[in-house]
Amino acid sequence: MNECITYAAPEPVFAEPWHAQVFAVTVALNEAGRFDWPNWAERFSKTLKRHGLSRELDGGEDYFTAWLETLEALLIELGEASPDGISALRNAWEEAYLTTSHGKPVRLRQA
């Protein structure tokens, strides 16, 4: 009896929900034609080097913090966001996180 074994590429695993979200937003912007992937990869590489991350990364917090920093800088350069807007949104998320009861979903207040 011949058995056919098939292997599928593993699905990405993210340590935190925000890692998956920032990854998905970046991919969606690329797929929408907002920027090309080689440009993104070059920018992300420069961010990692600037942070001194020359070691093998496992996709953890330091990696996705650098990813987010790169995305924010790119959105500012493209005119899709402003530094003040990004800062205000980050502050709103922090306030929402700190004032949300443990185990409850974090939600931003309506402006």
Side-chain angles (χ1 to χ4, degrees):
M1 173 187 249
N2 290 342
E3 282 189 45
C4 181
I5 300 174
T6 59
Y7 296 96
E11 290 294 318
V13 177
F14 299 94
E16 300 291 336
W18 78 267
H19 298 172
Q21 292 166 347
V22 73
F23 179 84
V25 166
T26 305
V27 170
L29 289 169
N30 168 256
E31 289 176 349
R34 302 313 279 256
F35 58 85
D36 65 28
W37 204 255
N39 182 16
W40 165 261
E42 181 181 338
R43 289 168 178 270
F44 184 50
S45 176
K46 287 178 181 178
T47 302
L48 292 173
K49 287 177 185 173
R50 190 171 55 255
H51 284 270
L53 301 176
S54 58
R55 60 187 167 75
E56 183 78 20
L57 297 175
D58 64 1
E61 197 75 12
D62 54 355
Y63 182 86
F64 282 101
T65 298
W67 187 287
L68 178 60
E69 180 182 322
T70 304
L71 181 60
E72 289 174 345
L74 180 58
L75 291 174
I76 290 167
E77 185 177 315
L78 294 173
E80 299 291 336
S82 70
D84 290 341
I86 288 173
S87 180
L89 187 57
R90 186 179 291 130
N91 291 340
W93 270 111
E94 182 177 2
E95 179 185 348
Y97 172 78
L98 293 174
T99 58
T100 299
S101 300
H102 179 73
K104 301 287 184 186
V106 177
R107 300 187 194 281
L108 288 177
R109 290 187 203 161
Q110 293 293 328

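Note that the numbering runs from 1 along the sequence shown for the chain. Any value given below was found using the heavy atoms of this structure, including those in side chains, with hydrogens, waters and symmetry copies removed.
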Do [X] and [Y] have side chains that approach each other closer than 4.5 Å (heavy atoms only, starting at C-beta)?
| X | Y | result |
| --- | --- | --- |
| N30 | W40 | no |
| R43 | N39 | yes |
| F44 | L74 | no |
| W37 | V27 | yes |

TODO: Can you measure from CD1 (I86) to CG (N91) and round to the nearest 0.5 angstrom?
DONE: 12.0 Å
TODO: Supply the atom-to-atom distance E42 CD to D36 CG, rounded to the nearest 0.5 angstrom.
DONE: 9.5 Å
TODO: May I ask you to check whether Y63 and F14 place their ring centres under 6.0 Å from each other?
DONE: no
Open item on the list: Using only atom types and a distance under 3.5 Å, with no angle test, would you say the side chain of T70 pairs donor to acceptor with the backbone of A66?
Closed with: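 At least one qualifying donor-acceptor pair exists.
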Open item on the list: Using only atom types and a distance under 3.5 Å, with no angle test, would you say the side chain of T100 pairs donor to acceptor with the backbone of A96?
Closed with: yes
TODO: Tell me whether L71 is reachable from I76 by hopping between hydrophobic residues (I, L, V, M, F, W, Y) whose side-chain heavy atoms are closer than 4.5 Å.
DONE: no
Task: Shared hydrophobic cluster, W67 / L78 (ILVMFWY, side-chain heavy atoms < 4.5 Å) - done: yes
- [ ] Could you walk me through whether T26 and F35 pass the side-chain contact (heavy atoms from CB on, under 4.5 Å) test, one step at a time?
- [x] CA-CA 9 Å; T26 305; F35 58 85; 3.8 Å; yes
- [ ] Tell me, please, which residues at least two apart from E94 pass salt bridge (charged side-chain N to carboxylate O under 4.0 Å, His left out).
- [x] none
TODO: Provide the closest heavy-atom pair for T65 versus W18 in the form atom of the first, atom of the second, distance.
DONE: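 Scanning both residues completely, I find the closest heavy atoms to be N-CH2, 3.7 Å.
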